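Below: one structure, written as structure tokens.
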Amino acid sequence: MKSHLPDRYDPESVEPKWNQIWDEKKTFAPDTSRKETFSIVIPPPNVTGNLHIGHALNHTIQDIIIRIERKKGKNVVWVPGMDHAGIATQVVVERELAKEGKSRTDFTREEFIEKVWEWKKHSGGMISKQQRLLGESVDWSKERFTFDEGLSKAVIKVFRTLFDEGLIYRGERIINWCPVTKTAISDIEVEYKEKQGKLYHIKYPKSEFKSKDPKTLNQGEYIVVATTRPETMFGDVAVCAHPDDKRYTNLKDKFVFLPIAEKEIPVLFDSFVDQEFGSGLVKITPAHDPNDYEAGQRLKLTPINIMNLDGTLNEFTGKYNGLDRFEARKRVVEELESKGYIEKIETHVHSVGHNQRGGAVIEPLLSTQWFVKIESLAKPAIEVVKSGKVQFQPKMWEKTYFEWMENIRDWCISRQLWWGHRIPAYYAPNGDMVVAESLEEAISLFEKKGILVTKDTIKQDEDVLDTWFSSGLWPFSVFGWPEKTEELKQYYPTSVLVTGFDIIFFWVARMIMNGLKFMGDVPFQKVLIHGLVRDKDGKKFSKSLGNVVDPLDMMSKYGTDSFRFFLAAVLPEGKDILFDESRLDGYRSFCNKIWNSSRFIFMNLPEDFSPIEPNLDSLEDTDLWILHEFDQMLGRYEKAYSGYLFFEMANAIYDFVWGSFCDWYLELTKARVYGNVTPESAEKARQVLVSVLKKSLGLLHPFMPFITEEIHSLLESKELAKTEFPKAYGVSETSPAVVRMELVREIITKIRNMRAELGVKPEKKCKVILKCSNKELKEMMERESKSILQLSKAESLEFLDSYELKNTDSVGAFSIGEIILPLEGIFDFEKEKQRLEKEKKQIQSEMEKLENKINNPSFLEKAKPDVVEKEREKYNTWKEKLESTVRALEKIGQSI
């Protein structure tokens with residue numbers, strides 16, 4: 001048997017080696033001979049993207065699940081892919097063209113799209129290469145792209161179906177317009193930020209006083225309207241008050257004069273007006289505000305669009321025509337002030353919509369776009385979550401889902417881009433329109449309507465579909481829909497979706513709606529929601545803050561296994577992760593612990609060693625104890641996995657491997673492994689060591705695929721990724737061997753704690769006396785005396801029925817007796833007492849400073865909550881140190 005590991009673990013050589021082996025052997029291809037299936041689709045990252053720490057967390061969670069389910073004997077498929085990312089990709093390519101002094105309009109649409117495909121070929125897809133570095137057990141032959149021919153066919157099919165059923169329509173409505181990217185974006189792509197702006201209180205003279213100098217207007221001759229956007233006044237078509245606002249009942253059927261636009265507009269009444277905001281009067285600008293648009297529809301007002309698509313004002317604004325909206329605001333205010341129309345200007349904090357991609361301020365704009373009627377699709381999607389057919393974990397995210405779905409609005413799906421799935425609507429020269437799945441079908445449909453067109457006279461809609469329209473079909477389009485493929489039959493619905501809470505609306509809701517509509521079933525049974533990864537102070541990662549962490553750097557510095565284990569081990573259920581790089585060093589140490597322990601085992605195996613399953617009937621106490629410990633850990637691990645509690649799984653296997661296996665069993669069996677006992681005892685110890693190591697590697701593997709695969713390759717040729725999930729040994733906790741070994745461990749731990757509390761240095765060996773009246777247990781402890789001596793660093797060990805204590809003896813109790821450490825001659829009690837008294841004063845001084853600080857009202861008022869919390873944590877740490885020091889002083893006081 002090959003039995004050699006290098007003296008140190010080198011991730012740089014091991015990781016690429018196993019990635020290559022897995023690829024060559026097609027290790028992660030689905031095993032269709034297995035009856036039970038398990039499938040996951042990866043949330044498709046943008047083709048423009050790089051692996052960020054959010055991806056690393058999300059993909060690590062999925063990989064843990066996939067590797068476990070594969071080990072459990074299921075036909076597993078994990079589908080990777082990328083999203084064409086309409087806006088993001090077009091922006092990137094246009095930026096590259098700008099470096100050459102060119103723009104999109106220098107090319108035809110077809111030429112530009114060809115440029116995008118060239119960019120994708122050379123620069124796109126970087127993220128899939130980086131996913132391989134993370135060790136993802138993906139079948140890369142199944143990689144999909146939302147612009148693949150099959151997936152594009154699915155998109156057109158869905159559009160056509162929804163249009164034919166009247167669920168897709170083209171109409172004029174208020175949408176979110178980005179003047180920078182010059183396209184509509186959906187409601188949920190608008191990020192609202194609190195901004196400090198101005199609230200302008202503007203005088204609108206009553207019609208009968210319109211010719212009067214505004215500077216001489218008296219109270220009652222004008223009304224005051226407050227607005228944050230005075231540049232949109234040119235689009236005002238009315239002023240509105242709440243019907244119950246008694247201040248303005250006298251204005252019914254009246255008109256007011258619109259300053260600088262020099263026209264009269266009516267005063268109307270509608271319940272959407274907030275009586276408490278400003279003066280209780282609002283300007284109605286239906287073309288530039290969603291609430292005003294709805295009010296305008298109710299009040300039968302004609303909208304006036306005063307904005308160009310680039311964010312400049314148009315011809316309806318007179319001399320302001322062509323000015324940028326923000327410059328226009330400045331100049332409009334100046335004119336209003338100079339003419340006396342401004343009553344006052346207040347500082348005002350309000351929520352301003354920004355495009356999530358690029359950060360431009362969004363302009364609400366009346367525009368003709370394509371929409372999906374969403375309400376009828378949303379109702380069944382709400383019911384499947386309420387009934388439990390789709391389960392969110394943690395369950396609290398169901399509330400977020402319901403709040404969105406129960407108040408959902410029609411979805412604007414058209415985008416004014418060239419890169420994307422072009423809307424399959426075709427127009428005849430007379431303006432007539434049909435929706436078809438191809439140009440040929442469109443011509444045929446026109447002919448049936450008696451309209452003769454050719455491929456040269458017919459025109460396709462210029463707009464493309466929102467990227468989320470195609471990604472919303474992902475769970476079934478990746479398996480070949482609309483064709484009824486064998487894969488679709490096998491793997492839909494998928495088993496679980498792993499995603500962040502931030503795309504519940506973007507993606508999760510749309511997949512559920514589409515799955516029910518087109519597949520007649522939910523797309524997944526569980527939605528596992530994880531938090532965000534933030535910096536150690538709880539802040540979001542941001543380039544502007546300079547706190548961004550590149551996962552590839554962390555993987556290179558600490559090894560991918562350490563990084564993956566960290567992500568899982570610190571992942572609280574449904575909450576955010578605080579990224580502290582210092583913890584990665586601890587998990588790198590864990591990798592080294594696994595490696596060195598495995599190396600020790602292999603070094604002590606004979607050349608002819610052949611692993612066999614341990615025979616429980618012939619094992620020694622220590623052997624049965626470690627098998628029981630493994631069983632206990634396996635129970636914790638599986639229970640945690642059933643609830644997808646990855647941090648509990650990680651901690652269970654970590655505690656067992658580092659503690660029970662390495663620090664206890666390895667140490668307890670060293671004498672046997674070295675051959676200082678009978679050959680039979682040595683062989684049993686080696687078999688147990690190898691068996692437990694092998695099973696532990698199987699449980700570590702989903703978290704740490706590379707190091708575990710490398711070590712396991714010395715045990716058998718079959719890849720660890722394809723071995724079955726470890727089984728329990730079946731050793732009962734009531735087994736006499738387990739009971740005895742727990743007692744031995746209790747004694748050793750107690751001796752170690754007594755030494756530590758007194759400050760007895762590790763190199764100082766002292767005598768140990770065990771006082772016990774139970775004859776049977778006393779004999780058992782005598783059998784394990786070598787282990788107790790070795791692991792407690794004792795010089796000698798005596799078992800006595802009675803013992804007369806001295807002042808210099810330290811005494812501690814254990815479950816069936818007492819432990820006595822005679823410390824005369826090896827420990828200076830008086831000197832240690834003086835040291836501890838000095839340390840106690842220093843601790844009390846630090847605590848006093850912190851106590852004054854955290855009880856200071858001024859500090860509590862000015863400091864950020866996280867700073868206050870850190871100071872409290874420091875105080876609690878010092879408090880624990882004080883309690884420990886006081887206990888040590890009490891011990892010494894008893895001995896002097």
Side-chain angles (χ1 to χ4, degrees), residues 590 593 597 620-633 636 651-672 692 731 733-774 776-800 803 809-823 826-827 880-881 883-888 890-892 894-895:
F590 183 44
K593 186 82 169 179
S597 299
E620 299 182 16
D621 284 0
T622 50
D623 304 330
L624 290 168
W625 171 79
I626 193 61
L627 300 188
H628 166 261
E629 286 287 291
F630 177 87
D631 288 355
Q632 292 292 103
M633 177 273 295
R636 279 180 62 196
N651 290 333
I653 187 66
Y654 179 95
D655 292 345
F656 172 78
V657 170
W658 192 303
S660 300
F661 188 61
C662 295
D663 286 355
W664 285 97
Y665 185 69
L666 262 179
E667 294 300 322
L668 287 168
T669 55
K670 275 183 177 177
R672 294 165 66 191
V692 175
V731 179
E733 62 181 6
T734 60
S735 163
V738 172
V739 173
R740 290 192 292 265
M741 280 309 303
E742 283 299 333
L743 183 60
V744 169
R745 201 157 70 130
E746 181 193 0
I747 292 167
I748 293 169
T749 302
K750 184 65 180 180
I751 294 170
R752 287 174 173 175
N753 291 343
M754 289 170 68
R755 289 173 59 103
E757 285 178 2
L758 287 166
V760 179
K761 294 179 180 178
E763 63 269 18
K764 289 277 188 181
K765 288 197 171 184
C766 61
K767 295 178 181 179
V768 175
I769 296 170
L770 294 178
K771 186 178 171 186
C772 176
S773 57
N774 187 309
E776 182 182 347
L777 290 173
K778 181 179 168 184
E779 289 174 358
M780 182 277 296
M781 288 187 291
E782 287 175 340
R783 288 203 307 272
E784 298 295 338
S785 59
K786 285 184 180 179
S787 297
I788 297 171
L789 277 168
Q790 178 189 348
L791 297 187
S792 63
K793 298 189 183 304
E795 180 182 44
S796 63
L797 186 62
E798 286 187 82
F799 299 91
L800 302 174
Y803 175 80
D809 292 341
S810 178
V811 182
F814 69 105
S815 55
I816 60 164
E818 289 182 331
I819 298 171
I820 299 141
L821 303 184
L823 298 175
I826 65 167
F827 185 73
E880 288 174 7
K881 287 182 179 179
E883 290 169 354
S884 176
T885 304
V886 168
R887 283 197 302 271
E890 288 173 353
K891 285 264 185 188
I892 287 173
Q894 294 166 4
S895 303

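Computed from a predicted structure; not experimentally measured.
- Interatomic distance, Thr669 OG1 to Asp623 CG, rounded to the nearest 0.5 Å: 8.0 Å.
- Atoms CD1 and CG, from Ile788 and Leu770 in turn, are 6.0 Å apart once rounded to the nearest 0.5 Å.
- Partners of Phe630 by ring pair (Phe, Tyr, Trp, His ring centres under 6.0 Å), not counting sequence neighbours, listed by chain and number: Phe656, Tyr729.
- Contact check for Arg755 versus Val768: no side-chain heavy atoms found under the 4.5 Å cut-off.
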Show me, pair by pair, the donor-acceptor contacts under 3.5 angstrom made by side chains of residues 741-748, not counting sequence neighbours?
{"unit_1": "Glu742", "atom_1": "OE2", "unit_2": "Trp625", "atom_2": "NE1", "d": "2.8"}
{"unit_1": "Glu746", "atom_1": "OE1", "unit_2": "Ser815", "atom_2": "OG", "d": "2.8"}
{"unit_1": "Glu746", "atom_1": "OE2", "unit_2": "Ser815", "atom_2": "N", "d": "2.9"}

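- If you take CD1 on Ile626 and CG on Asp621, they are separated by 13.5 Å, rounding to the nearest 0.5 Å.
- The nearest pair of heavy atoms linking Val739 to Thr734 is CG2-O, 4.1 Å.
- With rounding to the nearest 0.5 angstrom, the CZ atom of Phe661 is 11.5 Å from the NZ atom of Lys593.
- The shortest heavy-atom contact between Val738 and Leu624 is CG2-O, 4.1 Å.
- Closest of all the heavy-atom pairs between Ser660 and Glu629 is OG-OE1, 2.9 Å.
- The environment of NZ in Lys793 is sparse: at most 12 heavy-atom neighbours from other residues, nucleotides or ligands sit within 6.0 Å.
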> Do Phe590 and Ile653 pass the side chain to side chain contact (heavy atoms under 4.5 Å, CB included) test, and can you show the C-alpha distance, the side-chain angles, and the key distance before you say yes or no?
Replying inline: CA-CA 11 Å; Phe590 183 44; Ile653 187 66; 5.7 Å; no

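- More than 12 heavy atoms of other residues, nucleotides or ligands lie within 6.0 Å of NZ in Lys670, so this atom counts as buried by the packing criterion.
- Here the CG-OG1 distance, from Leu666 to Thr622, works out to 11.5 Å after rounding to the nearest 0.5 Å.
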> Hey, mind stepping through Cys662 and Val657 against side chain to side chain contact (heavy atoms under 4.5 Å, CB included) and telling me if it holds?
Replying inline: CA-CA 6 Å; Cys662 295; Val657 170; 4.3 Å; yes

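- For the pair Ser792 and Ile751, the tightest heavy-atom approach, listed with the atom from each and the gap, is CB-CG2, 3.6 Å.
- Contact record, Cys766 with Leu821: SG-CD2, 4.3 Å, taken as the closest heavy-atom pair.
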>> Determine whether Ile820 and Lys767 satisfy the following criterion, side chain to side chain contact (heavy atoms under 4.5 Å, CB included), listing intermediate values before the conclusion.
In response: CA-CA 8 Å; Ile820 299 141; Lys767 295 178 181 179; over 6 Å; no

>> Please evaluate residues Tyr665 and Val692 with respect to the criterion side chain to side chain contact (heavy atoms under 4.5 Å, CB included), reporting the C-alpha separation (whole Å), side-chain torsions for both, the decisive distance (0.1 Å), and the verdict.
In response: CA-CA 10 Å; Tyr665 185 69; Val692 175; 5.9 Å; no

